[in-house]
Amino acid sequence: MADPRCRPALIAFLRSDNSTVREWAAMALASLEIDGAFEPVRRAYRACLERATPPDWSEPEGIRWALTELGARAPVVPALTTRLRATAAADAPGWPSVHFTEIINDLTDHAQVILYSQFWRVDACRTYGVSGTGLDWELDWTAPWEHLVEEPRSWSLLEASEAPVGDDIFVAPTWIDRTDLCPER
């Protein structure tokens with residue numbers, strides 16, 4: 001309903017002791033297009049970084065999404081990755097999985113850190129998740145940026161070599177740019 005009267009409560013929830021409450025409040029502010037949400041959500045993201053919450057956890061992921069929706073964050077999408085997505089069906093949740101290796105290399109060649117990837121099957125009636133390779137990696141977020149870029153490349157290329165492929169299979173990688181760890185103050 002996008003009732004602006006919820007603004008004060010949602011902004012207060014951005015300071016909750018519970019990470020899920022903070023994440024959902026940020027996402028609600030963005031989803032509801034609440035005026036004046038930009039700066040409180042940005043402060044919530046900075047607080048998340050100050051708590052040293054790993055960027056691949058749910059809270060920072062949700063808040064980054066909210067910042068993107070509010071126009072306060074522009075994800076870095078290299079040209080090749082953009083072109084490869086354009087070939088997918090309009091309602092596909094990502095890129096054709098056949099291009100996964102190219103996407104991995106394009107993102108990392110442009111100094112993007114791949115956090116994880118999800119696979120989806122799209123048929124005439126629905127979209128549903130497809131089990132990937134089950135590979136799971138954990139990054140040392142204190143490492144230099146160059147290491148953070150290259151380690152996921154190795155894991156992602158291994159994942160791509162075992163990933164499901166087909167005309168109806170799409171991959172949705174999630175990645176961040178260095179600026180996501182050091183946003184403007």
Side-chain angles (χ1 to χ4, degrees), residues 1-77 81 93-94 103-104 107-108 110-120 127-129 131-153 155-156 159 170-185:
M1 294 175 53
D3 188 334
R5 292 177 293 180
C6 68
R7 180 185 184 276
L10 288 172
I11 288 174
F13 284 148
L14 292 172
R15 295 183 301 277
S16 170
D17 290 337
N18 184 295
S19 64
T20 302
V21 171
R22 293 187 302 264
E23 173 191 359
W24 287 14
M27 293 171 65
L29 285 162
S31 294
L32 297 172
E33 300 175 355
I34 300 293
D35 287 337
F38 164 80
E39 194 52 44
V41 173
R42 185 193 293 241
R43 281 194 304 270
Y45 188 67
R46 283 195 303 260
C48 192
L49 293 174
E50 289 166 6
R51 284 189 297 277
T53 305
D56 54 348
W57 284 18
S58 183
E59 179 187 10
E61 175 69 22
I63 296 175
R64 279 192 307 272
W65 176 87
L67 288 168
T68 302
E69 291 297 303
L70 291 168
R73 175 182 178 266
V76 174
V77 186
T81 298
I103 293 164
I104 293 164
L107 291 170
T108 55
H110 288 87
Q112 305 303 293
V113 173
I114 299 171
L115 302 176
Y116 59 88
S117 299
Q118 296 176 314
F119 295 90
W120 301 93
T127 299
Y128 53 95
S131 295
T133 60
L135 293 176
D136 194 16
W137 66 82
E138 194 169 316
L139 292 174
D140 174 5
W141 291 101
T142 63
W145 183 256
E146 295 73 22
H147 176 78
L148 293 172
V149 168
E150 288 302 324
E151 186 175 345
R153 180 197 305 251
W155 283 104
S156 294
E159 186 174 38
F170 294 84
V171 62
T174 297
W175 67 91
I176 60 172
D177 184 68
R178 176 179 256 157
T179 59
D180 288 315
L181 296 183
C182 304
E184 294 178 32
R185 294 248 168 215

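For W57, the CH2 atom is loosely surrounded, since the number of other residues' heavy atoms within 6.0 Å does not exceed 12.
Contact check for S19 versus T53: no side-chain heavy atoms found under the 4.5 Å cut-off. Counting heavy atoms from C-beta outward, W155 and I114 have side chains that stay 4.5 Å or more apart. Using a 4.5 Å heavy-atom threshold, the side chains of T108 and P152 count as separate. Counting heavy atoms from C-beta outward, T127 and F170 have side chains that stay 4.5 Å or more apart. A heavy-atom distance below 4.5 Å is not found between the side chains of D180 and V113. In this structure, L29 and F13 have side chains that are not in contact, with every pair of non-hydrogen atoms separated by 4.5 Å or more. Residues T81 and Q112 form no side-chain contact, since every pair of their non-hydrogen atoms from C-beta on lies 4.5 Å or further apart. Side-chain contact between S117 and E159 is present, with heavy atoms from C-beta onward closer than 4.5 Å.
A pairwise comparison of heavy atoms in A26 and V41 identifies CB-CG1, 4.2 Å as the closest pair. Closest approach of L10 to A25, counting heavy atoms only: O-CB, 3.5 Å. The two residues A72 and F38 come nearest to each other via the heavy atoms CB-CE1, 2.7 Å. Considering all non-hydrogen atoms of both residues, G36 and I11 come closest at O-CD1, 4.4 Å. In this structure, S156 and I104 approach most closely via the heavy-atom pair O-CD1, 3.2 Å. Contact detail for W145 and D177: the closest heavy-atom pair is CH2-C, 3.5 Å.
Rounding to the nearest 0.5 Å gives a distance of 9.5 Å between CZ of R153 and CG of L107. One finds the CD1 atom of I63 at 9.0 Å from the CG atom of L49 (value rounded to the nearest 0.5 Å). Interatomic distance, R43 CZ to L14 CG, rounded to the nearest 0.5 Å: 8.5 Å. If you take CD on E69 and CG on L32, they are separated by 12.0 Å, rounding to the nearest 0.5 Å. In this structure, S31 OG and W24 CH2 are separated by 12.0 Å, a value rounded to the nearest 0.5 Å. Atoms NE2 and CG, on H147 and D140 in that order, are 6.5 Å from each other to the nearest 0.5 Å.
The backbone N or O of V76 sits less than 3.5 Å from a side-chain atom of W175, completing a donor-acceptor pair. Panel note: side chain R7, backbone D35; a donor-acceptor pair is recorded below 3.5 Å.
Between E23 and R64 there is no salt bridge, since none of the side-chain N atoms of the basic residue sits less than 4.0 Å from a carboxylate O of the acidic one. Look at E39 and R46 and you find a salt bridge, because one of the NZ, NE, NH1 or NH2 atoms lies within 4.0 Å of a carboxylate O, short of that distance.
Side-chain contact annotation: N18 with S16, donor-acceptor N/O pair under 3.5 Å absent.
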